[in-house]
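Hydrogens, waters and symmetry mates are skipped; everything else that's a heavy atom, side chains included, is used. This structure is a prediction, so every number in the text was calculated from the model and none was measured.
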Amino acid sequence: MGSFGLLGEHLGHSYSPRIHALLADYAYELFEVAPENLEDFLKNGDFPGMNVTIPYKKAVIPYCAELSDRAKAIGSVNTILRRTDGTLYGDNTDFFGFSHMLRESGVAVKGRKILVLGDGGAATTVRAVLKAEGASQIVTISRRGENNYENLHLHRDAEGIVNTTPVGMYPNNGAAPLDLSQFPALQGVWDLIYNPARTALMLQAEALGIPAFGGLKMLVAQAWAAAEEFVGHAIDKAVAAAAYRRIDAEMRNIALIGMPGCGKTTTSQALAELTGREVIDVDEQIVRLAGRSIPEIFASDGEEAFRAIETQALSEISKKSGVIISTGGGVVTRTWNLPLLQQNSAIVYLRRETESLATDGRPLSQSKGTAQLAAERLPLYEAWADHTVQAGSAIEAAQIIKEWIES
């Protein structure tokens, strides 16, 4: 019999094959099927089981000879097994996925009022979990429903928010479905989006001191539950936890910040050789966008024009996943660049003694001097960094970073 896999219409780059490879030892592929071919694939396809994603989670139900109680209650199937008699059995492991995400967050919903943003299939699953976990009031916020984005003031007492909408999802990073400052009683925010790792909604929550959690935990957990059905036995929780950590590390960019001349370019190249990741140099992207060298941009248009191009370049680069980003030394001088990096990157500060910094081809290092730049920027590097590495040789620094991201 053929391989397990993921059924959908337009799958693009899916993390599912990688997740399943980390969970168990079986073949897993992507099944891209057009709507007009769905019936034939379900009846005659060569698969022992598969996961199902949009737009087919409801469409597959008529072809299942039996549904689990959970799938019946939710009205959605995301896991199918082919039984020995050839018939299909439909289940829903998204329920377990969100339950696991909720438990792992450590923020209780029992006895609390929770807003669910969106009213699609994912919202149905979320509401079922919240009810099972004892939320006192579950309010669905939708664009056209009784409770909508025009009367959010009626729900200022909400203690939790779950986003099931695609607002803020790659490639439309930076958007948020609402302003969290409207909800002074919030205790937690859960966003089912996993790309970017930290949505604009999550970043605002963190800025307000509210615990926020992204959807990767749910994605891995629902795959874990499905994998157990595929192999017919339990998979240790430690295996699933290790799979989550590995996927999270692989998806995160590594963004290098630090003074001009501290070795970001050479360290990023050394890190690329150690990890196999692509390197993207922000300064090189600026030159491509402007069609001129950086000294020429400074000479003709000044620093503000350069910083605007820098932000433009960074806004696109930072949407990527799993790459190494080598930034310019002054990226930290514009506060709006921080959330661009934070959404998908682990930020590493390469620290080097000021007197050893190169200044060739660096307009501000030459005009202001490295001592003045250091006084202005060192506190910012420290504040932005998730991790700090004393920049010795590029190879040594790269090895330290590799060990940190893989720990």
Side-chain angles (χ1 to χ4, degrees), residues 3-8 11-31 47-54 57 70 78-81 91-107 122 125-126 129 169-170 190-199 202 212-254 274-277 320-324 343-346 386-387 401-407:
S3 68
F4 296 100
L6 175 66
L7 170 65
L11 297 175
H13 176 68
S14 170
Y15 292 103
S16 291
R18 178 62 176 146
I19 294 171
H20 281 267
L22 292 169
L23 290 169
D25 184 19
Y26 48 72
Y28 191 98
E29 59 184 282
L30 300 178
F31 302 129
F47 57 86
M50 62 184 173
N51 296 121
V52 183
T53 189
I54 54 174
K57 289 187 177 185
R70 193 73 71 194
N78 83 318
T79 300
I80 288 176
L81 294 175
D91 192 13
N92 188 302
T93 64
D94 284 334
F95 184 97
F96 174 79
F98 184 63
S99 296
H100 181 77
M101 177 183 176
L102 210 54
R103 288 193 301 271
E104 289 283 299
S105 75
V107 179
T125 302
V126 165
V129 172
M169 183 170 68
Y170 175 87
W190 298 266
D191 197 328
L192 270 53
I193 292 170
Y194 58 86
N195 185 12
R198 295 156 85 187
T199 60
M202 293 173 62
F213 312 93
L216 185 61
K217 271 264 180 15
M218 178 177 175
L219 180 69
V220 174
Q222 63 81 25
W224 173 24
E228 290 186 330
E229 296 193 39
F230 293 161
V231 299
H233 59 76
I235 296 173
D236 194 276
K237 183 178 181 179
V239 173
Y244 167 77
R245 291 193 300 272
R246 186 67 177 268
I247 291 293
D248 184 50
E250 290 177 0
M251 288 177 64
R252 298 276 181 160
N253 300 322
I254 305 166
L274 288 175
T275 62
R277 293 177 181 236
K320 293 180 176 290
S321 297
V323 302
I324 300 165
Q343 62 183 336
N344 259 345
S345 300
D386 297 309
H387 188 59
I401 296 168
K402 180 177 182 292
E403 291 172 0
W404 173 66
I405 62 173
E406 294 179 354
S407 63

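Considering only heavy atoms from C-beta on, Asn195 comes within 4.5 Å of Asn344 through its side chain. For the pair Asp248 and Met251, the minimum side-chain heavy-atom distance is 4.5 Å or more. Using a 4.5 Å cut-off on side-chain heavy atoms (C-beta onward), Phe98 and Leu192 make contact. Side-chain contact between Val126 and Met218: absent, with no pair of heavy atoms (C-beta onward) separated by less than 4.5 Å. The closest side-chain heavy-atom distance from Thr93 to Glu229 is below 4.5 Å.
Note that CZ of Arg18 and CG of Leu23 are 10.5 Å apart. Values are rounded to the nearest 0.5 Å. Between atom OH of residue Tyr244 and atom NE2 of residue His100 there is a gap of 9.0 Å, rounded to the nearest 0.5 Å. To the nearest 0.5 angstrom, Ile405 atom CD1 is 9.5 Å from Glu250 atom CD. Rounded to the nearest 0.5 Å, atoms OG (Ser407) and CZ (Arg245) are 9.5 Å apart.
Shortest non-hydrogen contact noted between Ile19 and Val220 is CD1-CG2, 4.1 Å. The shortest heavy-atom contact between Ala249 and Arg277 is O-NH2, 2.7 Å. Shortest non-hydrogen contact noted between Gln343 and Pro196 is O-CB, 3.6 Å. Of all the heavy atoms in Ser14 and Ser16, the pair that sits closest is OG-N, 3.1 Å. Nearest approach of Trp190 to Ser105, heavy atoms of both residues: NE1-OG, 3.2 Å. The minimum heavy-atom distance linking Lys57 with Val52 is given by the pair CE-O, 3.3 Å.
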Item to check | Verdict with reasoning, Phe213 to Val107, per side-chain contact (heavy atoms from CB on, under 4.5 Å) | outcome: CA-CA 10 Å; Phe213 312 93; Val107 179; 3.9 Å; yes
Checklist entry - What's the verdict on side-chain contact (heavy atoms from CB on, under 4.5 Å) for Ile324 and Thr275, showing C-alpha distance, side-chain angles and the deciding distance? => result CA-CA 10 Å; Ile324 300 165; Thr275 62; 4.1 Å; yes
Checklist entry - Could you go step by step and tell me if Ile254 and Trp404 meet the side-chain contact (heavy atoms from CB on, under 4.5 Å) rule? => result CA-CA 11 Å; Ile254 305 166; Trp404 173 66; 5.7 Å; no
Checklist entry - What's the verdict on side-chain contact (heavy atoms from CB on, under 4.5 Å) for Arg198 and Arg252, showing C-alpha distance, side-chain angles and the deciding distance? => result CA-CA 10 Å; Arg198 295 156 85 187; Arg252 298 276 181 160; 3.8 Å; yes
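One N or O on the side chain of Gln222 and one on the backbone of Leu219 form a donor-acceptor pair closer than 3.5 Å. At least one donor-acceptor pair closer than 3.5 Å links the side chain of Glu228 to the backbone N or O of Ile235.
The number of heavy atoms from other shown groups lying within 6.0 Å of CZ (Arg70) does not exceed 12. The number of heavy-atom neighbours closer than 6.0 Å to OH of Tyr170, taken from other residues, nucleotides and ligands shown, is 12 or below.
Checking each of Leu11, Thr53, Leu7 against Leu30 for a side-chain contact (heavy atoms from CB on, under 4.5 Å) leaves exactly one that passes, namely Leu11. Checking Thr79, Thr125, Asn78 one by one against Asp94, the side-chain hydrogen bond (donor to acceptor under 3.5 Å, both in side chains) holds for a single residue, Asn78.
Between Thr199 and Asp191, the side chains place a donor N or O and an acceptor N or O closer than 3.5 Å (distance only, hydrogens not considered).
For Phe96 and Trp224, the distance between ring centers is under 6.0 angstrom.
Residues passing the ring-ring contact (aromatic ring centres under 6.0 Å, His included) test with Phe4 are Tyr26, Phe230, sequence neighbours excluded.
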